[in-house]
Structure formats: structure tokens, C-alpha cells
2 protein chains.
Amino acid sequence: MISEHGLDAVTVARTAATAGMSVGLVQHYFRTKDEMLLHAFREVSARIRARAEQRIRDGVRHERPIARVMAEVMTEYIPLDEARRAEYRVARAFAGRALDAPALAEVDTEAARRLREDIARAVHNGKECGEVDEHLDPLPAAVRLAAVMEGLALQVYREPEGAAGVPVTRFVAPVLDAELAAVFTGECRQYAGRAASPRSP
Amino acid sequence: MISEHGLDAVTVARTAATAGMSVGLVQHYFRTKDEMLLHAFREVSARIRARAEQRIRDGVRHERPIARVMAEVMTEYIPLDEARRAEYRVARAFAGRALDAPALAEVDTEAARRLREDIARAVHNGKECGEVDEHLDPLPAAVRLAAVMEGLALQVYREPEGAAGVPVTRFVAPVLDAELAAVFTGECRQYAGRAASPRSP
DNA sequence: GTTATAACCGTATCTCCGTACGGTTATCTG
DNA sequence: CAGATAACCGTACGGAGATACGGTTATAAC
């Protein structure tokens, strides 16, 4: 509903109708409308994050280069198909409302923080494995990569067809690859076996 | 009002009261509330853009290196002080509502398009002057720079204090400089005299 | 079996807000 | 001065929507 008609079009009554249930039942599960919306926001955030984590796990399992895995993870966030566009619209709507709704803002910042930590961890692990320069600080690098990713997502969202006749597909991969190449400068000596997974104990 | 309490808190009556006028008078100038909000959005977009244009004009007047000027222009967009944060909040609120308000969406995309064109023009002019490699395509480069800028703005907005104890001031300039350095690789041979200004006839 | 808890419904209430409207005062214009 | 246009006011109307509420049916527990 949000992705199709925006947050303002979402009323408790309409939500109930769309779900094929009564207003009373919705109230049974969510005491207030805000509670309901918060749940929805958490839901999409979690779904998006789950996809990223899946990519990371797969990458680790197949012992693929960290840079390659991160390229996939970051591409996953770009609204390149209708499904991701829908999610992106929802996230964007909530982000706008989060301005004076601390609970929503917290979900937003938390999601961003986790993503940044994932990237920072990938960079950190890349150092151990030899893909990343020994002296590079993972945190600034992660902020930069996260920024590029989110900024790129915005560009793609606004002009899915691409700008000035050049399709987005011509932009996304090259830019992400270039940014990743600036961080992951080396070859993997011995695979550390964890890509962006948590630092092992 | 928007930046302090969000778009939802903006009612015609409250707006009138804040402006020290009557509801009737507001209606005299804006036929509908939507019209009023659209005007507000256009207003902030124009104000933000005006600052960027001013920077460009100043840069041209003093014949400063294009890369340097663009660094300033891009920094101008980052919500580094409370004034810019307020503007950023407003823009973000509108962007969220723009999902099912085509008129608002148009303002948003238009602003983005103009910015991208400014950047592309700067790159183009940089080629003539010698700051940019002859074979670089300005458009993809502009998309990339715009993406970095907007993404960085988001990171700064979400965590103004900086992440993990590292202040944002340590991030912004280095990242922007690095990105610009990737595009503006050369020295200016002879000053073209127009930085990001329109191609002369 | 009875009692409690969860699932479920429909409506009534109360508040808020956008806009319509009828009216008044000021500022031009000729 | 006439008379038109713009600036300006306060209220009334109408709709929409969030929540409260009183109630019913099912499922569980003992």
C-alpha cells in the first residue's frame, strides 16, 4: 500500500480492508496506528538486510573474493527492478516521516549503522586476507562506500531510465567497481574465510 | 515549521498563525494547501541551488581551479551546520511525500538534474582547460560525483557527531577530495574562464 | 465444563483539518 | 467620485480518520 499510494493513503480502515480483515482485528494486534507503521518499517528494513546477509553468507561459503561479494551486496541495495523499487519507495516514505518520529528514525539509523559495520568488517577482513592495504582505516572507507551506495541508489531511483539517454546499467556497476577498486587494491593471498562476517573470537 | 515538526504538523491554520496572519489571507495567496506546500518546496530548492550557483560564479570570477570550486559546491550541499540541516530536513520530508505527489517529485528530480548538469559542465570545461583527461565522459562522472555527494549528505545527516567516535569533519573533505581527484587528474593549463558556467556560444 | 484468553466484528465518538463563504477594508484606476 | 480589484478576516461546513467500546465466537487450560 505504501509503495503504491504513499504513507498518507494508509489508514487503519484501508489497511484492514486490504488485508481482508476488520478494523477491530487490526487493533487487536496493534494498539495504535503508529505501532503498526513501525512494525511495517522494521519489516522492510529486516527484509532488505536479510538479502544482504544472504549474499555475504554465500560469498563466504564459496570463498569468493571479498571485493566481489561486496559488489553484489551493494548492488542489492540499488533499486534496479520493480521489487526493489517498491521497497525503496517504502523506505523513502518512512525516512521522510522519521523527521519527527524518533521511533522511525531509530530504525533508519540502525539499518544504516549495521550496513556500515558490515562494510567496515569486510574491509577489515580484506586487510587480513591481503585484498586491502595494511594501513587503510576501515571506518572512513566504509562510510565512503556506504555513501556511494546510497547516493547511487537515489540517482537510479529518480531516473530509472538513466540520464540523457544513457541507461543506468551503464552507470551502476562501473561506479561501484571503481569505488571498490579504490579500497580492495590487492589480491587475496590466503582466504580468511569470512568476507564480511563477524571477527572470529 | 517543517524542519521543526515535520510535514504532518503543518496545517493551514497553524501556518497562518505562525506567519501572523489569518486563514483567509493564506487562502488568498494559495488556493489549496498543496499549492502552498509546493511553493515551499520550490522555495527551499531554489535557495539551495542559489548558494551553489553563487559559489560557481565566485570561482569563475577569481579564476580558481575547477576541482577546488566543485569541492566547495559539493560541500555546500552537506548538512554540516544547523542551517543546512534544517534545509535538508525539509527537502527530505518533501522527498518522502513526493512518492505519490507528482508535482513534488518533479521539483525533486528537476533539482537533481540541474545539479548533475552543473557537475557535468564542470567536467566538460575541465577537459578544455586541461584539468580533466581528454577521454573521460562527463556524464557518468557527474552521476558518480552527484551520488557521492548525496550519499555523503545522508551519512552526515544521520550521524552529525560522526560514527564510532570519529567526527564527520574527518570524513567529508577527504572523501570529496578523493572523488574529485579521480576525475580532475591534471593541472589547469590555461584557464577557460568558466568553471561550471554554461558553454559559451 | 467452566473459565480464561485470544481472535474477531461493527459502530459510535471525538477531534482535526481543508476549504467554502460572506463579509469588510484598503488600494488603485479612470 | 465610482467602481473595481486586491488584501484581509472569522466562521461554518463537511469529511475523514484514529481510537474507544461493547459485544461475539473460538481455542485453550485445568
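To find a chain, count down the sequence lines: A is the first, B the second, and so on, and within it residues start at 1. Keep in mind the model is a prediction, meaning the values are calculated, not measured.
- Taking the six-membered ring for Trp and thresholds of 30 and 60 degrees, B:Tyr157 and B:Tyr88 have ring planes inclined between 30 and 60 degrees apart.
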Nucleotide by nucleotide, 5' to 3', does protein get under 4.0 Å of the base (B), only the sugar-phosphate (S), or neither (-) in nucleotides 6-19 of chain D, counting heavy atoms? SBSBB------SSB

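- Ring geometry for A:His39 against A:Phe30 counts as tilted: the plane angle lies between 30° and 60°, on a 0 to 90° scale.
- Taking the charged nitrogens against the carboxylate oxygens, B:Arg49 and B:Asp118 do have a contact shorter than 4.0 Å, which makes a salt bridge.
- Not counting sequence neighbours, the partners of A:Arg92 by the salt bridge (charged side-chain N to carboxylate O under 4.0 Å, His left out) test are B:Asp108.
- Neither side chain, B:Gln54 nor B:Arg51, offers a donor N or O lying under 3.5 Å from an acceptor on the other.
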